[in-house]
2 protein chains.
Amino acid sequence: MTDCLGDGAGDMTPMDLYEKLTSQGDTVRTLKTEKAAKADIDAAVQLLLKLKVDYKQVTGQDYKTGCPPSECVVSQDNGPAADGEDMVDPWNVSTTNAKGVDYDKLIGQRGKHNGVSYAVTLCCLSFSRDMHQVLDAYEKNKSFYLYTGRGPSSDALHMGHLIPFIFTKWLQDTFDIPLVIQLTDDEKYLWKDLSLEDCHRYTMENAKDIIACGFDINKTFIFSDLDYMGASPDFYRNVVKVQKHVTFNQVKGIFGFGDSDCIGKIAFPAIQAAPSFSSSFPQIFKGRKDVQCLIPCAIDQDPYFRMTRDVAPRIGYPKPALLHSTFFPALQGAQTKMSASDANSSIFLTDTPKQIKNKVNKHAFSGGKDTVEEHRKYGGNPDVDVSFMYLTFFLEDDEQLEKIRQDYASGALLTGELKKRLIETLQPMITSHQERRKQVTEETVKQFMTPRPLNYSF
Amino acid sequence: MTDCLGDGAGDMTPMDLYEKLTSQGDTVRTLKTEKAAKADIDAAVQLLLKLKVDYKQVTGQDYKTGCPPSECVVSQDNGPAADGEDMVDPWNVSTTNAKGVDYDKLIGQRGKHNGVSYAVTLCCLSFSRDMHQVLDAYEKNKSFYLYTGRGPSSDALHMGHLIPFIFTKWLQDTFDIPLVIQLTDDEKYLWKDLSLEDCHRYTMENAKDIIACGFDINKTFIFSDLDYMGASPDFYRNVVKVQKHVTFNQVKGIFGFGDSDCIGKIAFPAIQAAPSFSSSFPQIFKGRKDVQCLIPCAIDQDPYFRMTRDVAPRIGYPKPALLHSTFFPALQGAQTKMSASDANSSIFLTDTPKQIKNKVNKHAFSGGKDTVEEHRKYGGNPDVDVSFMYLTFFLEDDEQLEKIRQDYASGALLTGELKKRLIETLQPMITSHQERRKQVTEETVKQFMTPRPLNYSF
């Protein structure tokens, strides 16, 4: 598995990486010239950035177009940044302070929940910014809480949407701590051609899918921005505090906003930042400002929280720590995220077993050869095969997974057989999610979304 | 009285105005070059703009530097704007639709409240944007409500702060309608070097002075943004609606924001806009979106409400109508607003009778001559005399006021005598305000500031 625990670039030579980077740079330029879909460009840029980080890690140098690598210095550890803080990027772990014992604890606790292997989520997370602080806090019986979220722009959730929540659920179970889940209906209203009512309706529907992941109602508060902003003066106060300490220049640099963007978009990052501070939830933390926050999220949310970490000390709050889950690829391949607007790009949580079978067979990008003869002779490429990638997320047994990889690479396993294996894994997972979702009543949603005290021991 | 009902420029020749404009343009340039205080520059710019409007009104032409007036066309009525809407500027009344009967009614109802003459407030208001709509609505027994506000950056209020509230109180008494008063503590936090706690404390203190003006507790809702935003999802929804429909380019043009301004300032205009829509107050208007709003305010708030009027139809709400009260001049002269930070620029609501006497005698700019002999011989100039200007705000009897003007202009009345007259008018006014303020309990403040239904008949 590439991207796994930050060692994805380990087995590539500097020249391999240099060539891959150059080619990916071309891809990004082509996509921009052709005015491709934003999601496609974003995914390509993410890959480009990842390659740049890998390149820096492997060569110790910054990538420059037209300048092939001159020497190879392998550095697995970025070390403390100049300002004395352990700044790590999304694909590397600074081990300066991260205690082995904590790390082991995290890795050691594997299991299975709702048909999804914990091992998977672990393989697909990157230890990141200030994670060691959180683990230190945990070791010392100090308190922290989890914060994650989602922008509800549709009621059609797909597997990719679920990954960060499965991951978060695992963290909640492991650490036994409070969790807040922000549904940014205001953001979706500002960005999309949707009414406030639609955005709020999507919020309530999405909440059901999230609840169906199995979160503990006694430890979890789910909120709509449109509702909670109007229900908590403390939340609004934190929003205004952040808004005072971030300039237009900064959000322009971070998010690429321009002069013709609406003022709502420009101010929004503060609303995503505010739940990183425990004082935004006085009903949960009883007015405490110092409870450390850990944010498990997809890598594309990093800009928001880089901004948040920058602001935090200036308004007297602890910086939130981040854990990134990797992108879940589209059926068409690893270059893009799944898209809710393209039914064939994803396995949706509402798909029937038949739809799942058809989608995987028809659309899952294959790393196999053109003919059975060629496949048997040369073998397939599991690293680009989407069915294999999906299995890395959902198969519990690492040995089994490794055997599939070897068989596929050798040609012993055909693409049709690999796809069948994925279909048989996905069908019961999706079916049981649908059953759990059916049991989520309006009353349950209301309970999860009511500002209230939560049960926790610190 | 200049600025009275839009006819201030009536007795100046086009050449007088041209020369005054040219000189005022120089003043503004000098102030900007010398990096004078913002309040001073603002006041000078306001006067410049007013003169330009007067010039256009008297000559029918736009003022151009270096181009003296070529002809004189008097136009008392701008007529309907190109888009068929009666766009009027703050110093002119479009009488196309304004019914004479309503206008008379407004003028006809003079009286005295808390020692302040209504006539005064009437003389110092300008009928403005869409006022005729409001009067039409009133004639047809249709509903409207009042909205005004204040930015609480200090607990030292002065007479100038009180004028819009006295005016608003008169409107409430006359029309017998609900009133909402916004205290923008969030704005002050964003603009000033103050803590959230300070801004909120100023809000509560300012509320007492406002309540002491005599507002009807059954018809008046006073709110702190910091509190009400977190108490009303409907208010936040309207804020977001406005924020979606205003771009950075627009607020840059209207308010002069730059790239280094914080995102809170950039987004704030939407928060001042939202109370213009009745759906921001479901507890008062029971969910109605169509109740027309009338905003009595100082002229410097006009940019906010021009923006609001621009946005309103695009989000399905009626445009608010505006009524401007004129600037209350500083003791030092009509070129500047009173400043809360300069104790000698203003009569504060906390001043003792002795302080009032000293301030007026020492600091009130005089239109009198240098010696008694000269004054008796040539007379004083009441139009630049601050004591006389103040009396126009507070003297009930127009005939008495006119006699003072004539006596001062002829030299029969000396500056000391004029000042004495003002002192004797101000001292009991301020004393009785202080007594009423003392009677405002925390409980009363809380009542005014609790979101709740109001009593009204539509």
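Below, each value reflects all heavy atoms present in this structure, side chains not excepted, and no hydrogens, waters or symmetry copies. Proteins come first, then strands; the chains are lettered A, B, ... in the order of their sequence lines, and each starts at number 1.
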Checklist entry - CZ/F257(B) to CG/D259(A) distance, rounded to the nearest 0.5 angstrom? => result 13.5 Å
Checklist entry - For L196(A), is it the side chain, the backbone, both, or neither that has a heavy atom closer than 4.5 Å to a heavy atom of chain B? => result side chain
Checklist entry - Do other residues, nucleotides or ligands put more than 12 heavy atoms under 6.0 Å from K289(B) NZ? => result no
Next on the checklist: Please identify, among G258(B), G264(B), C262(B), S260(B), the residue contributing the most non-hydrogen atom pairs under 4.5 Å to chain A.
Outcome noted: C262(B)
Next on the checklist: Please classify the contact of I271(A) with chain B as side chain, backbone, both or neither, using a heavy-atom distance under 4.5 Å.
Outcome noted: side chain
Checklist outcome for this item: Taking a cut-off of under 4.5 angstrom between non-hydrogen atoms, the residues of residues 227-249 of chain B near chain A are D227(B), M229(B), G230(B), A231(B), S232(B), P233(B), Y236(B), R237(B), V240(B), K241(B), Q243(B), K244(B), H245(B), V246(B), T247(B), F248(B), N249(B)
